[in-house]
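This report concerns only the one structure given below.
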Amino acid sequence: MTASASPGEALRVVVVDDDLAVARVNRAFVSAHPGFTVVAEAHTGVEALAAIARHRPDLVLLDIYLPDLGGLDVLRRLRAAGDEVEVIAVTAARDLDTVRTARLLGVRHYLVKPFSGASLGDRLDEVRRGIAADRAAPAALDQRAVDEALGSAPVRRGTLPKGLSAVSLERVAAGLAACQGDASAAEIAEALGMSRVSARRYLEHLVAAGAAEVAPRYGSAGRPEHRYRLPR
């Protein structure tokens with residue numbers, strides 16, 4: 001799991017971009033922005049994974065187009081390892097599939113190149129406010145938080161019971177919303193690159209909160225398969 005800065009400390013950032021000049025411009029901007037400090041710079045996917053593992057940042061500025069592992073592959077490996085670090089995607093990739101996949105992998109902020117320093121500053125401020133809200137949030141998921149999970153606004157990590165995280169909840173909720181009909185925990189797990197047990201826990205939590213429905217589907221033999229869907 002990624003370590004978070006203590007209250008009052010600058011948020012730790014890893015900057016990832018295959019263009020050295022762009023990476024250094026972004027690094028300089030982030031370093032100059034109040035409340036942030038850059039702890040590492042990486043130019044390939046492998047370097048990014050190593051830097052994140054070493055420095056355990058609060059935030060990653062992640063380019064999608066990298067010369068070895070793409071940014072989405074970097075994200076898949078991080079999520080599979082249980083790392084839920086905040087990510088701002090900074091990339092020229094603007095196709096719907098890339099944007100949708102990034103969201104399913106927990107990206108809550110997306111900047112399309114070229115972008116202004118003011119736009120990056122706005123996203124940094126959003127991340128800082130979000131992390132502050134995480135720390136101050138109540139321990140239980142309320143209806144508003146559930147609604148956020150299934151809508152455009154992200155759920156904060158601190159609003160969930162112990163053992164669950166808002167980033168994973170948002171991924172599961174978005175994955176369920178992307179289904180044409182219903183889906184099993186195994187199907188959601190495969191789509192999101194997480195374990196079936198984890199996917200089922202998040203799905204059952206959404207059901208308990210009234211944000212999803214579950215019904216058994218009986219096959220030719222064996223126990224019925226639970227199928228999940230958004231409420232009608």
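A quick note: this is a predicted structure, and the numbers were derived from the prediction, not measured. The first residue of the sequence shown is numbered 1, and numbering continues consecutively from there. As a basis for the values below, the full set of heavy atoms in this structure was taken, side chains included, without hydrogen atoms, waters or symmetry mates.
Considering Ile64, Val107, Leu72 in turn, Leu72 is the only one that fulfils the side-chain contact (heavy atoms from CB on, under 4.5 Å) rule with Thr101.
In this structure, CG in Leu61 is found 11.0 Å from NE2 in His109, a value given to the nearest 0.5 Å. Here the NE2-OG distance, from His205 to Ser168, works out to 12.5 Å after rounding to the nearest 0.5 Å. Taking CZ from Phe115 and CD1 from Ile88, the interatomic distance works out to 8.5 Å, rounded to the nearest 0.5 Å. Here Leu66 contributes atom CG and Asp17 contributes atom CG; the two are 7.5 Å apart, rounded to the nearest 0.5 Å. With rounding to the nearest 0.5 angstrom, the CD atom of Glu86 is 11.5 Å from the CG atom of Leu124. We find the CG-CG distance between Leu75 and Leu105 to be 5.5 Å, quoted to the nearest 0.5 Å.
Between Asp58 and Val13, the closest side-chain pair of non-hydrogen atoms is not below 4.5 Å. With a 4.5 Å cut-off on side-chain heavy atoms, Ile52 and Val60 count as touching. Side-chain contact between Val87 and Leu59 is absent, with no heavy-atom pair separated by less than 4.5 Å. Side-chain contact between Arg103 and Glu170 is present, with at least one heavy-atom pair separated by less than 4.5 Å. For the pair Ile188/Leu203, a side-chain contact is recorded, criterion being any heavy-atom separation below 4.5 Å from C-beta on. The side-chain heavy atoms of Thr91 and Val112, taken from C-beta on, include no pair separated by under 4.5 Å.
Residues satisfying the salt bridge (Lys or Arg N to Asp or Glu O under 4.0 Å) criterion with Asp18, sequence neighbours excluded, are absent altogether. Glu47 pairs by the side chain to side chain donor-acceptor pair (under 3.5 Å) definition with nothing, not counting sequence neighbours. Legend: residues meeting side chain to side chain donor-acceptor pair (under 3.5 Å) with Thr98, ordered by chain and number and at least two apart, are Asp95. Partners of Glu190 under the side chain to side chain donor-acceptor pair (under 3.5 Å) rule, at least two apart in sequence or in another chain, do not exist in this structure.
Placement of Leu206 and Val214 within a single hydrophobic cluster is found when ILVMFWY residues are connected by side-chain heavy-atom separations under 4.5 Å, directly or transitively. Taken together through direct or relayed side-chain contacts under 4.5 Å among Ile, Leu, Val, Met, Phe, Trp and Tyr, Val207 and Tyr202 form part of one hydrophobic cluster. A single hydrophobic cluster is seen to contain both Val74 and Val99, as judged by linkage of ILVMFWY side chains at heavy-atom distances under 4.5 Å, directly or through other members. Hydrophobic cluster membership is shared by Leu78 and Tyr110, with clusters built from Ile, Leu, Val, Met, Phe, Trp and Tyr side chains linked at under 4.5 angstrom.
Annotation: salt bridge (charged side-chain N to carboxylate O under 4.0 Å, His left out) contacts involving residues 72-81, sequence neighbours excluded, comprise Asp73-Arg76. For residues 59-69, every residue pair satisfying the salt bridge (charged side-chain N to carboxylate O under 4.0 Å, His left out) rule, not counting sequence neighbours, is listed here: Asp63-Lys113.
Here the shortest heavy-atom pairing between Ser119 and Leu111 reads CB-CD2, 3.9 Å. The nearest pair of heavy atoms linking Leu176 to Ala212 is CD2-CB, 3.9 Å. Nearest approach of Val14 to Pro57, heavy atoms of both residues: CG2-CG, 3.7 Å.
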Side-chain donor-acceptor contacts of residues 29-42 below 3.5 Å, not counting sequence neighbours, with atom names and distances?
residue	atom	partner	partner atom	Å
Ser31	OG	Arg27	O	2.9
His33	NE2	Asp125	OD1	2.8
Glu41	OE1	Arg27	NH1	3.4
Glu41	OE2	His43	NE2	3.1

Enumerate, atom names and distances included, each donor-acceptor pair closer than 3.5 Å involving a side-chain atom of residues 193-201, sequence neighbours excluded.
residue	atom	partner	partner atom	Å
Ser195	OG	Ser198	N	3.1
Ser195	OG	Ser198	OG	2.9

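Arg227 and Glu225 are joined by a salt bridge, as a carboxylate oxygen and a charged side-chain nitrogen come within less than 4.0 angstrom of each other.
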